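Some notes on the structure that comes next.
Scope of the values below: all heavy atoms of this structure, side chains included, with no hydrogens, waters or symmetry mates. None of the values given here were measured: they were computed from a predicted structure. Order of listing sets the numbers, starting from 1, for every ligand and every atom in it.
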Amino acid sequence: MSKVLVTGGCGYIGSHTIVDLIENGYDVISIDDQSRSTPYPLTGIQLITGKRIKNYKVDLKNFDETLAVFQENPDISAVIHFAAYKAVGESVEQPLLYYENNIGSLVNILKCVKEFNIQHVVFSSSCTVYGNPDRFPVTEATVLQEAVSPYDATKQMGEQILRDFALSSNTQVILLRYFNPVGAHPSCLIGELPLGKPQNLVPVITQTAIGKLPKMMVYGNDYNTRDGSCIRDYIHVSDIAHAHTLSVDYLRTNNSQNTCEIFNLGTGNGITVLEAIHTFEKVSGENLNYEIGGRRPGDIEAIYANNEKAIHELGWSIQYNLDQMMQTAWAWEQRIKREEDTISNN
Ligand code: WQD
């Protein structure tokens, strides 16, 4: 059984990807220092898959400790690298924290990949690398604009580091550019666990609906869009997760001449903030307490994906629609409410 190392395995997308890898026959270990996560998802993974995942609670900025994990697991055949800080606003306030963590961790992982001659690496990138595009849908060939935050810059730099590393080694790399991951595993045993007050739209919606937040703001309805609110490409986290498994499959079975491939992971559907809110209200039966406020600094007006490359080359397909994204997000929020103590103390 091929062993895959997942960094950030206790995180939102990492935990969903571990489930998908196991369900597709892979052996998985995780490195997650739990500085931005909790051990709770490991319980959910075991309940869903029946497998107990070993997580090494190691800070990837510590090279010796990271190397020790590879020395203990010389049979790692692929690495999926999720571990990174991802709060855009925090990155503006503390850029050095982001460069040290996101770039330092990546470089350490790649030094270990080189030391153990690991052939396959999949990298968690983001649609934020496109900046504020002026043509839609964006393809993988869309020219990247200048990063608008240190977080965005760490993703653009991460892609460049991996391109250069792939050219200088035997390692083949896949860069996955996520659009907006939302929702939760249909079992409701794992989902998004935002630390503190959430910034992202869907957890803000569900926390407002459950009463954790008194109300929510729609950040602007004066954009040049069909209802004035921003457009994004929301994609179910389980669809994102399966694309990682397909990427490892692709690297193992394709003798692609390309050392570095890029894939957009989005549905191709642009949805406005107000449409997302109304869809949530429809599937949940809840009336959301929201107000129209001013624009949020740094927000782009619109972005959505051309996902044809992932569909045709990875064999990827979208399994979840917007209703199901909102329904699973809401079911997960209700579960968190029921088990608040268990989740926060684990
Ligand atoms: C979506 C839309 C907001 C909250 C994403 C990821 C982020 C990062 C960059 C991921 C925007 C509006 C939101 C609220 C609102 N990296 N909104 N009220 O900004 O597209 O960022 O890409 O890899 O993690 O989330 O996502 O969910 O923050 O916002 O009106 O309370 O919802 O203005 O238009 P965004 P988001």
Side-chain angles (χ1 to χ4, degrees), residues 8 11-14 16-17 36 81-92 98 102 123-133 138 144-145 147-156 158-159 175-183 192-209 212-235 237 240 243-244 264-267 270-280 288-305 322 325-326 329:
Y12 176 39
I13 304 173
H16 285 77
T17 298
R36 299 286 171 105
H81 182 52
F82 290 102
Y85 297 158
K86 67 151 192 138
V88 175
E90 182 187 45
S91 79
V92 173
Y98 272 66
N102 292 6
F123 178 65
S124 164
S125 190
S126 166
C127 64
T128 51
V129 300
Y130 293 114
N132 195 355
V138 292
L144 306 190
Q145 293 182 1
V148 292
S149 75
Y151 165 76
D152 301 350
T154 65
K155 287 302 180 185
Q156 287 186 352
E159 291 195 355
L175 310 176
L176 295 178
R177 292 175 177 167
Y178 314 151
F179 283 68
N180 285 55
V182 298
E192 192 168 7
L193 282 170
L195 295 179
K197 185 180 182 304
Q199 300 303 311
N200 296 145
L201 179 66
V202 172
V204 166
I205 287 175
T206 57
Q207 287 198 12
T208 303
K212 272 190 177 174
L213 299 173
K215 69 175 177 180
M216 68 168 284
M217 303 302 287
V218 171
Y219 295 136
N221 69 343
D222 57 350
Y223 287 96
N224 182 25
T225 64
R226 50 187 177 266
D227 63 17
S229 63
C230 291
I231 289 175
R232 294 291 185 273
D233 186 333
Y234 299 99
I235 170 104
V237 63
I240 294 266
H244 289 75
N264 280 342
L265 298 185
T267 63
I271 300 292
T272 73
V273 175
L274 289 168
E275 288 165 348
I277 286 173
H278 297 149
T279 300
F280 174 82
L288 211 53
N289 182 13
Y290 66 91
E291 285 177 18
I292 305 294
R295 295 183 175 193
R296 179 171 70 173
D299 270 342
I300 62 172
E301 178 168 89
I303 189 166
Y304 53 94
L322 188 63
M325 294 179 213
M326 294 300 178

| For ligand 1, which atoms have a heavy atom of Val273 less than 4.0 angstrom away? | 2 (C), 12 (C), 30 (O), 32 (O), 34 (O)
| Shortest protein contact, atom 16 (N) of ligand 1 (heavy atom only) | Tyr151 OH, 3.1 Å
| request: Report the C-alpha distance between Tyr98 and Glu90 in whole Å, list the side-chain angles of each, state the deciding distance to 0.1 Å, and finish with yes or no for side-chain hydrogen bond (donor to acceptor under 3.5 Å, both in side chains). | output: CA-CA 9 Å; Tyr98 272 66; Glu90 182 187 45; 2.5 Å; yes
| Shortest heavy-atom approach to atom 3 (C) of ligand 1 - which of Gln199, Lys86, Arg296 | Arg296
| task | Could you find the nearest protein heavy atom to atom 1 (C) of ligand 1 and give me its residue, atom name and distance? | result | Tyr234 OH, 3.6 Å
| request: Look at atom 5 (C) of ligand 1 and say which protein heavy atom is nearest, naming residue and atom and giving the distance to 0.1 Å. | output: Asn180 ND2, 3.8 Å
| query | With no hydrogens and no angle check, is any side-chain donor or acceptor of Gln207 less than 3.5 Å from a backbone partner on Leu213? | reply | no
| query | Can an N or O of Arg232 be found at a distance shorter than 3.5 Å from an N or O of ligand 1? | reply | yes
| task | Tell me which protein heavy atom sits closest to atom 17 (N) of ligand 1, plus the residue, atom name and distance to 0.1 Å. | result | Tyr219 CD1, 3.7 Å
| field | Residue, atom name and distance, where the atom is the protein heavy atom closest to atom 34 (O) of ligand 1 | value | Cys230 CB, 3.0 Å
| Residue Ser126 vicinity, atoms of ligand 1 by number, heavy atom under 4.0 Å | 10 (C), 16 (N), 23 (O)
| Pick from Val218, Val182, Val204, Val202: the one approaching atom 31 (O) of ligand 1 most closely through a non-hydrogen atom | Val204
| message | Given Tyr12, which partner from the list Pro181, Pro203, Pro194 fulfils the side chain to side chain contact (heavy atoms under 4.5 Å, CB included) test? | response | Pro181
| task | Check whether any heavy atom of Tyr12 sits under 4.0 Å from an atom of ligand 1. | result | no
| request: Tell me, yes or no, whether the heavy-atom count around Asn224 atom CG, taken from other residues, nucleotides or ligands under 6.0 Å, exceeds 12. | output: no
| remark: Nearest non-hydrogen protein atom to atom 33 (O) of ligand 1, with distance, is Asp299 OD2, 2.5 Å
| query | Met216 to ligand 1: N or O pair under 3.5 Å? | reply | no
| Phe179 near ligand 1, heavy-atom distance under 4.0 Å? | no
| query | At under 4.0 Å between heavy atoms, which part of Ile300 makes contact with ligand 1: side chain, backbone, both or neither? | reply | neither
| Does Glu291 reach the main-chain N or O of Lys215 with its side chain, forming a donor-acceptor pair under 3.5 Å? | no
| remark: In this structure, atom 22 (O) of ligand 1 is nearest to the protein heavy atom Thr128 CG2, 3.5 Å
| request: Tell me which part of Met217 gets within contact of ligand 1: side chain, backbone, both or neither, using heavy atoms under 4.0 Å. | output: backbone
| What residue and atom, counting heavy atoms only, is the protein's closest point to atom 6 (C) of ligand 1, and at what distance? | Asn200 ND2, 4.0 Å
| query | Is there a donor-acceptor pair closer than 3.5 Å between any side-chain N or O of Asn102 and the backbone N or O of Tyr85? | reply | yes
| field | Gln156 side chain to Val129 backbone, donor-acceptor under 3.5 Å | value | yes
| request: Spell out, as yes or no, whether a donor-acceptor pair under 3.5 Å connects the side chain of Ser229 to the backbone of Leu274. | output: yes
| field | Flag side-chain contact, heavy atom, 4.5 Å: Arg177 against Glu159 | value | yes
| query | Is there a side-chain contact between Tyr130 and Asn264, using heavy atoms and a 4.5 Å cut-off? | reply | yes
| said: Checking Thr267 against Tyr234: is there a side-chain donor and acceptor pair closer than 3.5 Å? | reply: no
